[in-house]
Amino acid sequence: MGDVQDILGLERPPTPELTKESILGSSDKLKRKQMQMSTPKVSRRPEGMPREVFALLYHDNKGVPPVFPTDTGSGYKQMKAKLGMRKVRPWKWMPFSNPARTDGAVFHHWRRVADEGKDYPFAQFNKKVPVPSYTDEEYNQHLQVVGWTKDETNHLIDLAKRFDLRFIVMRDRWDSSKFAERSVEDLKERYYTLQTTLGKVKGTTPSDAKPYVFDADHERRRKGQLKRLYERTQKQIEEEQTLATEYRRIEARKKERDKKTQDLQKLITAADNQSETRRIEKKLPKKKLQQQLTRPRVDTVTVESTGIKFPDMKGSGVSVRSQRMKMPTSVGQKKIKGVEQLLQELAVELNPMPTEEICTHFNELRSDMVLLHELKTAYTTCEFELQTLRHQYEALCPGKTLDIPIPNETQVGSSTENDGGKQKINLAEIIDVVGSPGTPNSTHIN
């Protein structure tokens, strides 16, 4: 009776809402029933039946497997009925129109009453590609080119509007009976030339924007190469694979020959050094020889640089110059972050244009930055050690203050109190930070 009243639109007294408990009974009975259903039935395996065969007869709930495939009892679907009663939302047969159509056709469909008057939901997918338009005056002044008439240009613009710049379809729909045959590259070149020229004339293109230029000749060569690559015979493919294999063999032999050459050069250098040492032993007395071995000459000793050693990129094959500016893996992340922060403070690009001169100067700049960072770290460490020694001296000798003489050379900012005044000291005179050649106990900061 309630359904008839809803159809006729008559008012009816409110119906009490049906609940799950009113249909199935009290919650206590429902819980007991659910517990009974959830309790698995223990089934014993008959004697003589293998365990694997018995497992095939029952699934996880220990029930008999169904005869036909079913999706009940498992999966993501909710198979239980949702009991209850709610008033459905009214629907209405109403007209609608599609904004994409230009003939003004009106259609009808079912929609909810709450959505009446709203726009067609699928109208948001009606996207159109903006195609430029021009007047006769603009065409006569700016768009005339040799080989294209005005009718051909108008036909091209019409096809572009109809097919949303799908140039393959535009080429297929090109009217060859009225106009000359045109390829896809010709249509693209003419269209993009029109678009760029009209953008400059009308001022719609930003002044700093780079205009798009379609290179039709390059596109034709590219397609020709792809066509030749696609039309290769099986014999040509096998020949190319043979050449590639032979090239890899040649590269492997070259690397092996270079390695043998380097090993031989090392042996020759070691033999020359040994012969030079023997000649010195024969010429010099024993005391002078010992002094020369224990105290090497300053001009022959090379101190290791504490900057960055960038790769030389001398391997065979093609390489990118920007790889020379890549930070080596030996540099820690902390130093790399410090270098990047310092570059940002100095308003220097993190990845500049990798020309030959910029690569060299940029690597030298970052190497100097790492060296500066290491020197600052060493300076801070020395100041801390000096302060620790001063406190230890004052603790061992109460009433006395560590007196450090002030040198006449360049002084650094650390200071100590003496007679109520501050004295600047030279840390390099007290603690050897970098280390001097031939000194066994020098402290190296890495």
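In this text, all values refer to a predicted model and were calculated from it rather than measured experimentally.
More than 12 heavy atoms of other residues, nucleotides or ligands shown are found within 6.0 angstrom of OH on Y212. Annotation: E357, atom CD; neighbour count of heavy atoms from other residues, nucleotides and ligands within 6.0 Å does not exceed 12. Counting non-hydrogen atoms of neighbouring residues, nucleotides and ligands closer than 6.0 angstrom, the CE atom of M49 exceeds 12 such neighbours. More than 12 heavy-atom neighbours from other residues, nucleotides or ligands sit within 6.0 angstrom of NZ on K202. Other residues, nucleotides and ligands contribute more than 12 heavy atoms inside 6.0 Å of the CG atom of N98. Taking a 6.0 Å sphere around CZ of R51, one finds it holds 12 or fewer heavy atoms contributed by other residues, nucleotides or ligands.
With sequence neighbours excluded, the residues that form a salt bridge (Lys or Arg N to Asp or Glu O under 4.0 Å) with R232 are E240. Applying the ring-ring contact (aromatic ring centres under 6.0 Å, His included) rule to H218 yields no partners; only residues at least two apart in sequence or on another chain are considered. Every residue was checked against the ring-ring contact (aromatic ring centres under 6.0 Å, His included) condition with W148, not counting sequence neighbours, and none meets it. Scanning for ring-ring contact (aromatic ring centres under 6.0 Å, His included) contacts around F122 gives Y120, with sequence neighbours left out. Partners of D263 according to the salt bridge (Lys or Arg N to Asp or Glu O under 4.0 Å) rule, which considers only residues two or more places apart in sequence or in another chain, do not exist here. Looking at residues two or more places apart in sequence or on another chain, you find a salt bridge (Lys or Arg N to Asp or Glu O under 4.0 Å) between D115 and K118. Residues forming a salt bridge (Lys or Arg N to Asp or Glu O under 4.0 Å) with K200 (at least two apart in sequence, or on another chain): none.
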For a quick test of your reading: what N or O donor-acceptor pairs under 3.5 Å do the side chains of residues 133-140 make, sequence neighbours left out?
| from | atom 1 | to | atom 2 | distance (Å) |
| --- | --- | --- | --- | --- |
| Y134 | OH | N154 | OD1 | 2.5 |
| T135 | OG1 | E138 | N | 3.3 |
| D136 | OD1 | K150 | NZ | 2.4 |
| E137 | OE2 | Q141 | NE2 | 3.4 |
| E138 | OE1 | T135 | N | 3.3 |
| Y139 | OH | T149 | O | 3.4 |
| Y139 | OH | K150 | N | 3.2 |
| N140 | OD1 | Q144 | NE2 | 3.2 |
| N140 | ND2 | D136 | O | 3.0 |

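Taking all atoms of both residues into account, the shortest heavy-atom contact from F362 to L343 is CZ-CD1, 4.0 Å. R173 and H155 get closest at one heavy-atom pair: O-NE2, 4.1 Å. Nearest heavy atom pair, residue M170 against residue L187, reads C-CD1, 4.2 Å. Considering every non-hydrogen atom in both M94 and R112, the closest pair reads CE-O, 3.9 Å. Contact detail for E152 and W174: the closest heavy-atom pair is O-CH2, 3.8 Å. Closest heavy-atom contact between L198 and P132: CD1-CB, 3.7 Å.
Contacts classified as side-chain hydrogen bond (donor to acceptor under 3.5 Å, both in side chains) and involving residues 338-353 (residues at least two apart or in different chains) are not found. Residue pairs meeting the side-chain hydrogen bond (donor to acceptor under 3.5 Å, both in side chains) criterion with at least one partner in residues 221-230, sequence neighbours excluded, are E185-K223, E219-R222. Residue pairs meeting the side-chain hydrogen bond (donor to acceptor under 3.5 Å, both in side chains) criterion with at least one partner in residues 186-198, sequence neighbours excluded, are T153-R190, S183-D186, D186-R220. Residue pairs meeting the side-chain hydrogen bond (donor to acceptor under 3.5 Å, both in side chains) criterion with at least one partner in residues 157-172, sequence neighbours excluded, are R171-E181.
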| task | Please lay out, stage by stage, how T242 and E246 fare under the test side-chain contact (heavy atoms from CB on, under 4.5 Å). | result | CA-CA 6 Å; T242 304; E246 186 64 25; 5.6 Å; no
| said: Could you walk me through whether V370 and R366 satisfy the side-chain contact (heavy atoms from CB on, under 4.5 Å) test, starting with their C-alpha distance in whole Å, then the side-chain angles of each, then the deciding distance to 0.1 Å, before giving a yes or no? | reply: CA-CA 6 Å; V370 172; R366 290 187 295 175; 5.6 Å; no
| query | Between E238 and Q234, does a side-chain contact (heavy atoms from CB on, under 4.5 Å) hold up when you go through it step by step? | reply | CA-CA 6 Å; E238 293 176 355; Q234 187 64 28; 3.7 Å; yes
| task | Go through the steps to decide whether E256 and K260 satisfy the test salt bridge (Lys or Arg N to Asp or Glu O under 4.0 Å), and finish with yes or no. | result | CA-CA 6 Å; E256 185 178 358; K260 290 181 179 179; 3.7 Å; yes
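Summarising the geometry, atom CD belonging to Q236 is positioned 10.0 Å from atom CD belonging to E231; distances are rounded to the nearest 0.5 Å.
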